[in-house]
Amino acid sequence: MDTEVPAWEVTFLRRPEGSNRPRVAGRIVLEAPDLTQARELAQTALVERRIRSESEGEHSVWSLGVLRPLTARAPGTRKYRVVFSRWESVDDHFERRDVHEMELWAVDAASARRQAQQDIQGLGDYVPAWRIRVVERA
């Protein structure tokens, strides 16, 4: 029996005072047996980061970004299929053509979309014009 504890990556977002949008302020990898405990550990780490920031005189708004499973089939996650497509010029009109498909494990469809968008940019043949056409449970 495999007793490996699933690994999760969480992104911390910080919106500095006077800024309109949050920016990635860091990432950590943590181990938790399921999604619920991973969220609790991520929230605890966020509070620690916020307290440390405030003690240094920063007045920023902190929040959690994507909680991404690094272990496939981690409890609380599901498998999703994401299809990327692009528009191509054909004679006097444009047609959408699927160019890439990936499967990944994520907490929900919104997380799968964000995770796929990050992952696709690491491919050597990625073109910025690619758009996500569909995100569905596999």
query: If you draw a 6.0 Å radius around CZ in Arg50, do more than 12 non-hydrogen atoms from other residues or ligands fall strictly inside?
result: yes
message: If hydrophobic clusters are built by linking Ile, Leu, Val, Met, Phe, Trp and Tyr wherever their side-chain heavy atoms come under 4.5 Å apart, do Met102 and Trp130 end up in the same one?
response: yes
query: Where is the tightest heavy-atom contact between Ala109 and Val135, given as atom of each residue plus distance?
result: O-CG1, 3.8 Å
message: Are Leu41 and Val47 connected into the same hydrophobic cluster when the rule is that any two of I, L, V, M, F, W, Y join if their side-chain heavy atoms are below 4.5 Å apart?
response: no
message: I need the minimum non-hydrogen distance between Gly76 and Leu35, along with the two atoms involved.
response: O-CD2, 3.6 Å
- prompt: Hey, does Thr77 have a side-chain heavy atom less than 4.5 Å from the side chain of Trp8?
  reply: yes
field: Nearest atoms (heavy-atom pairs only) where Ala129 meets Arg86
entry: O-CB, 4.3 Å
query: Stepwise, does the side chain to side chain contact (heavy atoms under 4.5 Å, CB included) test hold for Ile132 with Val83?
result: CA-CA 6 Å; Ile132 295 175; Val83 178; over 6 Å; no
- line: Value for NE2 (His100) from CZ (Arg133), rounded to nearest 0.5 Å, stands at 13.5 Å
query: Judged by atom type as modelled, is there a donor-acceptor pair below 3.5 Å linking the side chain of Thr44 to the main-chain atoms of Glu40?
result: yes
- prompt: Can you get from Leu30 to Ile51 by hopping between Ile, Leu, Val, Met, Phe, Trp and Tyr side chains that sit under 4.5 Å apart?
  reply: no
query: Does Gln37 reach the side chain of Asp34, with side-chain heavy atoms less than 4.5 Å apart?
result: yes
message: Let's go through Val127 and Phe84 carefully: what are the C-alpha distance in whole Å and the side-chain angles of both, what is the deciding distance for side chain to side chain contact (heavy atoms under 4.5 Å, CB included) to 0.1 Å, and is it a yes or a no?
response: CA-CA 10 Å; Val127 177; Phe84 289 84; over 6 Å; no
- prompt: Taking the side chain as C-beta and beyond, is there a heavy-atom pair between Glu95 and His93 under 4.5 Å?
  reply: yes
- prompt: For Gln121, does the CD atom sit with more than 12 other heavy atoms under 6.0 Å from it, leaving out its own atoms?
  reply: yes
message: Within this structure, what is the CD-CZ distance for the pair Glu9 and Arg68, rounded to the nearest 0.5 Å?
response: 6.0 Å
- request: Tell me, yes or no, whether the heavy-atom count around Arg97 atom CZ, taken from other residues, nucleotides or ligands under 6.0 Å, exceeds 12.
  value: yes
task: Examine Leu64 and Val24 and state if one hydrophobic cluster contains both, with Ile, Leu, Val, Met, Phe, Trp and Tyr joined whenever side-chain heavy atoms are less than 4.5 Å apart.
output: no
statement: Note: Arg27 and Thr11 closest approach over all heavy atoms is NE-OG1, 3.6 Å
field: Distance, nearest 0.5 Å, that separates CG of Asp125 from CD1 of Ile120
entry: 7.5 Å
- prompt: Parallel, tilted or perpendicular for Trp62 and Phe12, by the 30°/60° rule?
  reply: perpendicular
- request: State, yes or no, whether a side-chain contact exists between Arg23 and Pro16 at a heavy-atom distance under 4.5 Å.
  value: yes
- line: Tightest non-hydrogen contact, residues Glu58 and Arg14, listed as OE1-NH1, 3.4 Å
Spacing of CZ belonging to Arg78 relative to CG belonging to Asp108, to within rounding of 0.5 Å: 9.5 Å
- request: With the side chain counted from C-beta on, respond yes when Gln43 and Arg39 share a heavy-atom pair under 4.5 Å apart, and no when they do not.
  value: no
message: Using 0.5 Å steps for rounding, measure from the CD atom of Glu17 to the OG atom of Ser60.
response: 7.5 Å
message: Quick check on Phe94: does its CZ atom have over 12 non-hydrogen neighbours (other residues, nucleotides or ligands) under 6.0 Å away?
response: no
message: Any heavy-atom pair between the side chains of Thr71 and Trp105 that's under 4.5 Å?
response: no
field: Heavy-atom pair of closest approach, residues Ala38 and Leu67
entry: CB-CD2, 4.1 Å
- request: Check whether any side-chain heavy atom of Pro69 sits under 4.5 Å from a side-chain heavy atom of Pro6, and report yes or no.
  value: no
Non-hydrogen side-chain atoms of Arg113 and Val82 separated by less than 4.5 Å: no
